[in-house]
Amino acid sequence: MDALAGRARFDPAEVEAGIIARWIQSGLFHPEPGGDSADAYAIAIPPPNVTGSLHMGHALNGSVQDVLVRYHRMRGIRTKWILGTDHAGIATQMQVEKALRAEGSSRREIGREAFVERVWEWREHYGGTIVEQLKRLGASCDYSEERFTLDEPYARAVAEVFVALHEKGLIYRDRYIVNWDPGTRSAISDLEVEEREETDTLYSIRYDLDGGGSVTIATVRPETMLGDTAVAVNPEDARYGDLVGRTAILPLIGRRLPVIADDYVKSDFGTGQLKITPAHDPNDFEIGRRHGLPQVSVIGEDGRMTAEAGAPYAGLTVMEARAAVIAALEAEGRVVGSEPYLHSVPYSHRSGERIEPLISLQWFMRMDELARPAIEAVQSGAVRIVPESQRKVYLEWMAEIRPWCISRQLWWGHRLPVYYCDSCGGEHVARLAPQSCPECGGALRQEEDVLDTWFSSALWPFATLGWPEDTPQLRAFYPTNVLSTARDILFLWVARMIMMGIELTGRPPFRDVYIHAIIQAPDGRRMSKSLGTGIDPLGLIDGGPRPPVFGDGSHPPGSFPAYGADALRWGLLSMASSQDVRFSEERIAQGQALSNKLYNAVRFALTRIDEQPEVDLQSLCPQPLPLTVEDRWMLSRLQRITVQTTAMIEGYDFSHAALGLYDFVYGELCDWYIEMSKHRLAAGGEGARELAATLLHVLRHTVALAHPIIPFVTEELWGHLGGEGLLAGAEWPRPADELIDEEAERQVSRVIEAVTLVRGWRDSVAARPGQLVPARIAAEGYEETGAALARLARLELASGNGAGPVPVAAVSVPGGTIEVLSEDGLDLHAAQRRREAESARLATEIERVQAKLANERFVQRAPDAVVQAEREKLARLQGEMEAL
RNA sequence: GGGCGCAUAGCUCAGUGGGAGAGCGCUCGCUUCACACGCGAGAGGUCCCUGGUUCGAGCCCAGGUGCGCCCA
């Protein structure tokens with residue numbers, strides 16, 4: 001109590017660290033594995049990059065998951081939030097390479113072994129920040145068991161999966177066209193490619209035909225013509241039917257190119273005659289395979305032209321070669337046209353460089369067989385995707401899934417468990433590295449490539465629990481209940497987890513997939529460090545730099561105030577309702593206001609109760625005592641908000657859960673219940689004692705309901721309210737049907753309306769705020785609430801009925817009027833304008849309702865209840881008009 | 001090229017067939033014995049446009065415009 005007495009504001013900075021420590025120390029976040037997963041609740045966190053730091057997406061997703069986890073823990077369910085980090089192959093390797101460059105070195109200079117060593121050191125140094133940041137957010141992860149996708153047990157799971165899928169024939173090696181990223185010098189998967197609209201020059205080039213005539217092809221990549229092995233037209237294209245089977249001569253090179261027919265060729269693009277470069281265009285590659293065309297690779301993995309491109313071009317960069325090829329063609333008079341052309345160009349999501357499609361020897365995973373049961377799982381509802389709209393996105397992508405290039409020419413990651421024998425040329429895939437070639441005894445060398453990071457991430461929900469061993473953890477927590485993430489990794493990660501989970505464990509890895517909203521910068525762009533549109537969530541908790549886009553108009557931009565973790569959580573959750581939403585600092589401020597409001601409500605209750613000589617706080621038993629109408633109303637509303645909040649959380653509607661609590665705390669608990677019942681505390685005695693019991697009950701219940709969303713302030717207040725143990729481990733409030741009281745709800749909502757109307761009237765007659773206005777209630781339905789009406793509207797009620805002074809004014813309220821008995825200190829004249837406005841409004845309303853009721857078709861066809869309601873409304877409005 | 005979503009107050013957003021809402025901002029008032037991160041009262045809207053369904057449309061349907069995202 002004393003701790004609260006002097007402090008008018010809740011100060012998150014003062015209590016957050018201590019509360020986190022108590023939570024973690026309590027062991028509440030670490031459930032002992034036991035029993036069956038059907039009785040448990042588990043969420044596997046999307047593992048953040050080990051060297052990353054918390055961004056707004058993590059903060060939102062962390063808040064979402066923590067609401068779910070805290071709620072279920074309070075329901076008494078054995079609850080585990082599986083924590084860990086991802087080695088994030090390319091991202092991490094690029095960070096370390098950047099550091100090496102700054103030192104004037106490179107990974108190639110120091111060699112693979114030293115480089116990998118260096119990355120581990122980097123991880124030791126910079127890793128783990130994000131886990132500490134999650135603690136600051138209040139995330140109730142199981143910090144005692146942190147996983148890492150490159151840890152030894154995890155690596156065993158990865159090798160096991162590779163070998164198993166290889167044995168099934170799903171993993172294979174192939175020379176295939178891949179997305180080559182010259183920036184990382186590695187192949188990347190289709191999903192890591194980002195298409196960007198760009199304007200290039202579309203050249204039209206004339207190829208002569210053997211035996212006379214010519215074809216004209218259109219291309220934005222003339223340098224690739226050096227690798228052409230055919231010319232194609234659409235088989236339906238009447239113009240060119242006679243060309244098929246003839247031979248074109250490749251300019252500059254002289255190679256003879258068959259003219260073929262293929263459906264892929266669009267007759268209305270360019271001339272309808274297409275050059276085919278199987279080695280450098282994914283579509284041409286497919287056409288080449290269909291027609292058995294040779295593949296001529298003219299661009300190498302270094303992004304330069306190869307020897308096969310021919311002497312003048314070998315060694316040139318792609319752009320140099322383009323200029324040289326065009327110059328040579330122009331010299332021959334073969335460029336018959338050029339025009340600007342807008343098209344989409346593939347870029348590497350990783351390095352930002354332009355993708356160079358080329359043929360490379362890589363490892364692939366065939367996905368169609370794995371996709372089938374994963375599609376079925378979602379179709380049957382075994383896996384639910386929320387919101388529903390994302391379900392279709394998933395199903396459509398899965399239906400057209402393509403092989404996944406899983407090898408990466410990187411050094412940081414899981415090296416493929418493939419061993420080559422140089423003596424006999426054998427290839428061995430094994431869980432444990434063989435000492436020598438099982439066939440000839442020769443020396444073995446392990447595949448240099450590592451696996452795509454997402455390969456190991458795909459195993460996350462079960463590999464973190466000890467799979468492939470049959471561990472107690474696995475039995476206790478797998479399958480997990482929910483996977484929460486943003487939609488940008490639905491394919492990259494979620495779909496692959498579902499496929500791998502079903503394939504390897506026989507069960508989908510989670511029951512629900514919750515796809516949360518993406519929070520954009522205030523200007524509508526995505527939040528990103530590189531765009532300058534990102535903010536550090538901790539800067540909102542502790543106070544931190546405010547980027548210009550988040551400016552409050554001041555120059556220079558200045559900083560964010562320290563809002564505290566609860567404010568951040570409430571704000572983010574309240575924002576994230578529709579698909580994309582712009583960050584609004586006001587919502588964070590609103591969350592802070594809510595925390596403070598709750599804090600002060602509790603502070604008020606406790607300090608007032610403590611002042612009562614008759615009331616001993618320690619022995620007081622908080623319980624619902626529905627004595628007065630406002631008690632009954634409050635307790636009834638409390639049941640409703642309980643049902644509502646529970647349903648919102650269960651339905652993943654966090655925004656409405658957060659906003660609903662705000663409305664309850666401000667609009668019902670503080671503005672009305674506390675205001676209506678204050679005087680009973682001041683009066684003391686038995687009434688004060690009874691009220692105290694109810695008020696404390698209501699506060700405890702409210703604080704518990706709000707805990708999953710704003711855990712810090714509620715945990716702090718729980719202690720002051722005499723709650724047993726930690727609120728994080730307390731029981732989730734249950735609604736009590738017997739406390740629902742619709743009559744009390746009607747009465748109190750009526751008095752609320754009346755108080756508001758009288759206050760508005762007071763304002764219009766310039767009554768001083770504190771002035772008691774003599775009045776009489778000439779309205780029905782205020783038998784139990786009249787005293788409250790008088791107190792809150794500052795009226796001095798005349799005793800007796802009918803007799804007494806003649807009213808000087810009447811304020812229309814539900815059920816009648818409030819008659820004002822004295823004009824002392826009131827400017828009744830000033831109320832004239834208000835009356836006129838009100839009268840005009842009523843007249844319009846009455847007219848509309850009358851017109852409606854005069855409409856025969858309305859009276860005939862609308863439901864009786866609606867018609868009846870309109871009639872009652874008309875009567876009410878006319879009554880109000882008369883009162884004026 | 002295909003698909004999905006959005007358009008409501010100055011700003012950020014609720015509102016899925018029956019009297020247009022919240023927070024912030026704005027105006028006016030308030031040392032009302034919890035809270036100025038507060039309290040009270042106000043001003044502010046062609047619910048993007050056109051057409052349709054319906055007794056009745058912000059809400060349902062069609063078309064259009066603008067913006068965003070995903071896939072190819």
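What you see is a predicted model; the values in this text were computed from it and never measured. Every chain is numbered from 1 and lettered A, B, ... according to where its sequence line falls, protein lines coming before strand lines.
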Between [N] atom [atom2] and [X] atom [atom1], what is the distance in whole Å?
{"X": "A:L842", "N": "B:G19", "atom1": "CG", "atom2": "P", "answer": "16 Å"}
{"X": "A:Q390", "N": "B:C4", "atom1": "CD", "atom2": "C1'", "answer": "8 Å"}
{"X": "A:D663", "N": "B:G15", "atom1": "CG", "atom2": "C1'", "answer": "13 Å"}
{"X": "A:Q868", "N": "B:G18", "atom1": "CD", "atom2": "C1'", "answer": "14 Å"}
{"X": "A:K392", "N": "B:G5", "atom1": "NZ", "atom2": "C1'", "answer": "11 Å"}
{"X": "A:Q860", "N": "B:G56", "atom1": "CD", "atom2": "P", "answer": "13 Å"}
{"X": "A:M575", "N": "B:C24", "atom1": "CE", "atom2": "P", "answer": "14 Å"}
{"X": "A:I385", "N": "B:C4", "atom1": "CD1", "atom2": "C1'", "answer": "14 Å"}

Item to check | A:F583 vs A:R848, nearer the 5' end of RNA chain B by closest nucleotide | outcome: A:F583
What is the base-pairing partner of [N], counting Watson-Crick and G-U wobble geometry with both distances under 3.5 Å?
{"N": "B:C4", "result": "B:G68"}
{"N": "B:U32", "result": "none"}
{"N": "B:G17", "result": "none"}
{"N": "B:U50", "result": "B:A62"}
{"N": "B:A43", "result": "none"}
{"N": "B:A22", "result": "B:U12"}

N/O to N/O distances under 3.5 Å, protein versus nucleotides 65-72 of chain B:
none

Show me the donor-acceptor pairs within less than 3.5 Å that the side chains of residues 760-775 of chain A make with the rest of the protein, sequence neighbours left out.
{"residue": "A:R762", "atom": "NH1", "partner": "A:Q771", "partner atom": "O", "Å": "3.1"}
{"residue": "A:R762", "atom": "NH1", "partner": "A:A793", "partner atom": "O", "Å": "3.0"}
{"residue": "A:R762", "atom": "NH1", "partner": "A:R794", "partner atom": "O", "Å": "2.8"}
{"residue": "A:R762", "atom": "NH2", "partner": "A:R768", "partner atom": "O", "Å": "2.8"}
{"residue": "A:R762", "atom": "NH2", "partner": "A:P769", "partner atom": "O", "Å": "3.4"}
{"residue": "A:R762", "atom": "NH2", "partner": "A:Q771", "partner atom": "O", "Å": "2.7"}
{"residue": "A:S764", "atom": "OG", "partner": "A:W761", "partner atom": "O", "Å": "2.6"}
{"residue": "A:Q771", "atom": "OE1", "partner": "A:R768", "partner atom": "N", "Å": "3.1"}
{"residue": "A:Q771", "atom": "NE2", "partner": "A:D824", "partner atom": "O", "Å": "2.9"}

Indicate, with a heavy-atom threshold strictly under 4.0 Å, whether [X] touches base, sugar-phosphate, or nothing.
{"X": "A:R768", "answer": "nothing"}
{"X": "A:P863", "answer": "base"}
{"X": "A:L877", "answer": "base"}

Item to check | Side chains of A:F583 and A:I588 in contact at under 4.5 Å (non-hydrogen atoms) | outcome: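 Contact flag for A:F583/A:I588 side chains = yes.
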Next on the checklist: Measuring only between side-chain heavy atoms, which start at C-beta, is A:M367 closer than 4.5 Å to A:M499?
Outcome noted: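 With C-beta onward as the side chain, the pair touches.
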Say we look at [N] and [M]: how far apart would their [atom1] atoms be, to the nearest angstrom?
{"N": "B:G45", "M": "B:C30", "atom1": "C1'", "value": "30 Å"}
{"N": "B:G25", "M": "B:U46", "atom1": "P", "value": "23 Å"}
{"N": "B:G10", "M": "B:C69", "atom1": "C1'", "value": "27 Å"}
{"N": "B:C26", "M": "B:C11", "atom1": "P", "value": "15 Å"}
{"N": "B:U8", "M": "B:C47", "atom1": "P", "value": "11 Å"}
{"N": "B:G52", "M": "B:C13", "atom1": "P", "value": "33 Å"}
{"N": "B:G66", "M": "B:C49", "atom1": "C1'", "value": "11 Å"}
{"N": "B:A7", "M": "B:A41", "atom1": "P", "value": "30 Å"}

Checklist entry - What salt bridge (charged side-chain N to carboxylate O under 4.0 Å, His left out) pairs are there with at least one residue in residues 673-682 of chain A, not counting sequence neighbours? => result A:E630-A:R680, A:D631-A:R680, A:E675-A:K678
Checklist entry - Going by the angle between their ring planes, with limits at 30° and 60°, are A:Y514 and A:Y652 parallel, tilted or perpendicular? => result parallel
Checklist entry - Between A:F550 and A:F560, what is the ring plane arrangement, given parallel below 30°, perpendicular above 60°, and tilted in between? => result perpendicular
Checklist entry - Where along nucleotides 33-44 of chain B does protein come under 4.0 Å, by heavy atom, of base (B) or sugar-phosphate alone (S), with - for untouched nucleotides? => result SBB-BSSSSS--
Next on the checklist: If you compare all heavy atoms of A:S812 against all heavy atoms of A:L757, which two are closest, and at what distance to 0.1 Å?
Outcome noted: O-CD1, 3.5 Å
Checklist entry - Which pair of non-hydrogen atoms, one from A:A706 and one from A:L598, has the smallest distance, and what is that distance? => result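 So the two residues come closest at CB-CD1, 4.5 Å.
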Checklist entry - If you measure from the Lys or Arg side-chain nitrogens to the Asp or Glu carboxylate oxygens, is any gap between A:R750 and A:E753 under 4.0 Å? => result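 No, no charged N to carboxylate O under 4.0 Å.
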Next on the checklist: Below the 4.0 Å mark, does B:G56 have OP1 or OP2 next to a side-chain nitrogen or oxygen of A:K852?
Outcome noted: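 Looking at the OP1 and OP2 atoms of B:G56, neither is under 4.0 Å from any side-chain N or O of A:K852.
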Item to check | Counterpart residues, side chain to side chain donor-acceptor pair (under 3.5 Å), relative to A:Y176 (two or more places apart) | outcome: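 A:Y176 satisfies side chain to side chain donor-acceptor pair (under 3.5 Å) with A:E286 once adjacent residues are dropped.
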Checklist entry - Who are the side chain to side chain donor-acceptor pair (under 3.5 Å) partners of A:R587, not counting sequence neighbours? => result A:S574
